[in-house]
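Here is the structure we will look at.
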Amino acid sequence: MATTSNAQKFEEVCKEATRLNAQAHSADQLMKEIALLLNREMLKYNWVGFYMLEPGADPPTLVLGHYQGAMTPHTRIPLNLGICGAAASSGKTVVVDDVKTDRRYLACSLETKSEIVVPVFVRGQVAGELDIDSHFAAAFSNEDRALVEYCAELVGKRLELE
Ligand code: SME
């Protein structure tokens, strides 16, 4: 039986995200579907979720939205805390290969070893982020980063239409 190569897998999941975007009725539905897709298809993506900036909150606060994986105690995160706060406040993707060595890290699960957080931009401003935790160290390669950034971009563009 033919096995799927890594590159094929990324391409397949990317195409599926594009298809979900075309079919989704709203950005909210798209976020739900993307969390499901990434958690189901990418074996090392053990927790996948969106945090969105709460409109009008002072200080600015990230609020947990759709997610797949274990419950997390971190449902509200101010921008000065966590890898999540770092990605949202800098507007840059943050990849942490070993969460134990990063002082910013807010623990959700004892099993988490690495994490990627990608900002979601709406009209050039950070509106939220896509956060993924892995039970494997250094789980996020440049290909993973490209896939997760693509998914975050789909959501940002979709939010621009609402
Ligand atoms: N680890 C994150 C907190 C969110 S959980 O991963 C779901 C952080 O350091 O911001």
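Counting starts at 1 for both ligands and their atoms, following the listed order. Atoms considered below: every heavy atom in the structure, side chains included; atoms not considered: hydrogens, waters and symmetry mates.
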Going by the 4.0 angstrom heavy-atom rule, the piece of Asp133 near ligand 1 is side chain
If we number the atoms of ligand 1 from 1 as shown, the ones under 4.0 Å from a heavy atom of Trp47 are 7 (C)
*asked:* Please check this pair: side chain of Arg158 against backbone of Ala24, looking for a donor-acceptor N/O pair closer than 3.5 Å.
replied: yes
**Asked** Counting distance only, does the side-chain N/O of Ser114 pair as donor-acceptor with the main-chain N or O of Phe136 below 3.5 Å?
**Response** yes
Residue, atom and distance of the protein heavy atom nearest atom 7 (C) of ligand 1 read Cys108 SG, 2.9 Å
- Query: Is it the case that Thr18 and Asn21 place a side-chain donor and acceptor less than 3.5 Å from each other?
  - Reply: no
* **Hydrophobic cluster identity match, Leu36 and Met52, side-chain contacts under 4.5 Å** => no
Practice prompt. Answer yes or no: does an N/O atom from Glu115 fall short of 3.5 Å to an N/O atom of ligand 1?
Written response: yes
If we number the atoms of ligand 1 from 1 as shown, the ones under 4.0 Å from a heavy atom of Tyr105 are 1 (N), 9 (O)
**Prompt:** Are the aromatic rings of Tyr45 and Phe140 close, with centres under 6.0 Å apart?
**Reply:** yes
One should read off an interatomic distance between Ser134 OG and Glu111 CD, to the nearest 0.5 angstrom, of 10.5 Å
The answer for which part of Cys84 has a heavy atom under 4.0 Å from ligand 1 is both
Under 3.5 Å: N/O of Ile83 near N/O of ligand 1: yes
So the atoms of ligand 1 within less than 4.0 Å of a heavy atom of Asp131 turn out to be 4 (C), 5 (S), 6 (O), 7 (C)
Atom 9 (O) of ligand 1 has as its nearest protein heavy atom Leu106 N, 2.8 Å
- Item | Note, Arg40 side chain near Gln68 side chain (heavy atom, < 4.5 Å) | no
Any heavy atom of Tyr51 under 4.0 Å from ligand 1? The part involved is side chain
Practice task
For ligand 1, find out whether one of its N or O atoms is nearer than 3.5 Å to an N or O atom of Ile77.
Solution key: no
### Task
Measure from the side-chain N and O atoms of Asp102 to the backbone N and O of Val99, and report whether any donor-acceptor pair falls under 3.5 Å.
no
